[in-house]
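Here the structure comes first, spelled out in structure tokens, and everything after it is commentary.
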Amino acid sequence: FGRVYRAKDPTFDRIVAIKVLNTPDDSDIVRRFRTEATTVANLHHKNIVTVHEFGEDSGAPYLVMEFLDGTTLQELIDRNSLSLLEKLEIMSSVAEGLQYAHERGVTHRDVKPANIMRLADGSVKIMDFGIARIATETSSRLTQTGCIIGSPCYMAPEQFQGTADALSDVFAFGVTFYELLTGHNPYFSPDARVVWFRITTTDPPSVRTLLPECPEALDRIVRGTLERSREVRYNSLSDVVVD
């Protein structure tokens, strides 16, 4: 739903990333983008990508963000080169960044390995806060079908009914954690209907069945983030960090 450019900011002599969103010529979408972008630009945390600027050019909204020189979690999962300790450190950083946003009323809505990057110095950054909502609204205006936009394999059960909040982020965090630990997404299928069925009606195999060296306590933590019932699921990522 957009394009990303590597660019130079001549004012500060720095390399930046510019994300231009594909949107219809719709003033309401642009207005909502401004609201979302303003909120995201006010998130200042070591584990969240910094938004330097935002605006519109010929009706196309854009974000100017810090340029990240690193590797996404998706690429790291494919390489299967991380130690268990490194995986724990990465997901602890992700939890801290998401918790910071949640405390300020901001939900990511599209937590997944492709939206998390590990930099060369080992630090971790979460990308694309707020983009999922803009994309959903844009697609709804284009298609008028009310279809769900996002990454179904990481969606919480309630997101298929239209609810996306901090608890939904906790579930997506859990799916990402599970995949990072085991190399497998527990709900994946090329058939979206199968994904929906698995997420809403089944529990994934325990992490220890795929990763025997996983401590039992860590297995319990991951299961706690993947509870289908919102009442049973971890109610905050600060609790996950503590555990």
Side-chain angles (χ1 to χ4, degrees), residues 1-26 29-79 90 93-94 97-98 100-101 106-143 147-155 164 169 172-173 175-176 179-180 185:
F1 56 87
R3 304 176 303 283
V4 183
Y5 299 93
R6 185 178 187 272
K8 183 174 182 179
D9 179 352
T11 303
F12 295 98
D13 191 27
R14 63 187 174 188
I15 300 299
V16 297
I18 303 178
K19 176 162 287 190
V20 182
L21 303 183
N22 296 329
T23 64
D25 185 15
D26 189 314
I29 289 290
V30 174
R31 178 184 60 79
R32 290 171 181 267
F33 167 81
R34 289 196 201 103
T35 301
E36 198 74 18
T38 300
T39 302
V40 175
N42 283 315
L43 295 177
H44 303 290
H45 189 274
K46 61 185 176 66
N47 298 125
I48 297 176
V49 65
T50 300
V51 174
H52 297 306
E53 185 183 344
F54 61 90
E56 302 108 42
D57 180 63
S58 301
Y62 67 85
L63 294 167
V64 181
M65 301 169 288
E66 65 175 312
F67 178 81
L68 301 179
D69 185 9
T71 309
T72 68
L73 278 202
Q74 190 60 65
E75 294 170 306
L76 291 172
I77 290 169
D78 294 339
R79 293 178 188 175
I90 288 171
S93 295
V94 174
L98 288 173
Y100 169 89
V106 180
T107 304
H108 191 288
R109 295 181 180 82
D110 196 21
V111 177
K112 59 184 178 181
N115 281 338
I116 300 165
M117 185 171 285
R118 190 190 195 213
L119 307 188
D121 63 1
S123 60
V124 175
K125 295 278 188 176
I126 308 167
M127 303 177 287
D128 281 357
F129 264 94
I131 296 299
R133 181 193 293 180
I134 300 168
T136 302
E137 291 169 349
T138 300
S139 180
S140 295
R141 296 303 178 89
L142 286 171
T143 64
C147 61
I148 295 174
I149 303 300
S151 307
C153 286
Y154 302 92
M155 286 183 175
D169 277 359
F173 169 91
V175 181
T176 300
E179 188 172 355
L180 181 61
N185 184 297

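When reading the values below, keep in mind they use all heavy atoms of this one structure, side chains included, and skip hydrogens, waters and symmetry mates.
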**Study point:** Qualifying ring pair (Phe, Tyr, Trp, His ring centres under 6.0 Å) pairs, either residue in residues 34-61, two or more places apart
**Key:** His45-Tyr100
Check your understanding: Are there more than 12 heavy atoms of other residues, nucleotides or ligands under 6.0 Å from atom CG of Asp69?
Key -> no
Review point. Do the side chain of Glu53 and the main chain of Val64 share a donor and acceptor less than 3.5 angstrom apart?
Key: no
Exercise for review: Determine yes or no for a side-chain-to-main-chain donor-acceptor pair under 3.5 angstrom, with Asp169 supplying the side chain and Leu98 the backbone.
Suggested key: no
Review point. Under the criterion side chain to side chain contact (heavy atoms under 4.5 Å, CB included), which of Thr176, Val111, Asp110 is the partner of Tyr154?
Key: Thr176
Practice item. Sequence neighbours left out, what passes side-chain contact (heavy atoms from CB on, under 4.5 Å) with Lys46? Give chain and number order. Key: Glu96
Revision key, fill the gap. Closest non-hydrogen contact found for Ala60 with Leu21 is CB-O, 4.1 Å
Review point. For the residue pair Glu56 and Tyr62, what are the closest heavy atoms and their distance?
Key: N-CE2, 3.6 Å
Review point. Can you find a pair of side-chain heavy atoms, one from Met117 and one from Val49, that are under 4.5 Å apart?
Key: no
Practice item. Please name the pair of heavy atoms, one in Ala37 and one in Leu63, separated by the smallest distance, quoted to 0.1 Å. Key: CB-CD2, 3.9 Å
Practice item. Indicate the atoms forming the closest heavy-atom contact of Ile48 with Glu66, along with that distance. Key: O-OE2, 3.9 Å
Review point. Are the side chains of Glu179 and Gln74 in touch, meaning some heavy atoms are under 4.5 Å apart?
Key: yes
Point to revise | CG-NZ distance between Asp128 and Lys112, expressed to the nearest 0.5 angstrom | key: 8.0 Å
Check your understanding: So how far is it from Leu68 CG to Met127 CE, rounded to the nearest 0.5 Å?
Key -> 6.5 Å
Practice item. Not counting sequence neighbours, which residues clear ring-ring contact (aromatic ring centres under 6.0 Å, His included) with Phe173? List them please. Key: Phe177
Study note, to complete from the structure: On a heavy-atom basis, the closest approach of Thr72 and Pro113 is CB-O, 3.9 Å
Exercise for review: State whether the side chain of Asn47 and the backbone N or O of Val124 hold a donor-acceptor pair below 3.5 Å, judged by distance alone.
Suggested key: yes
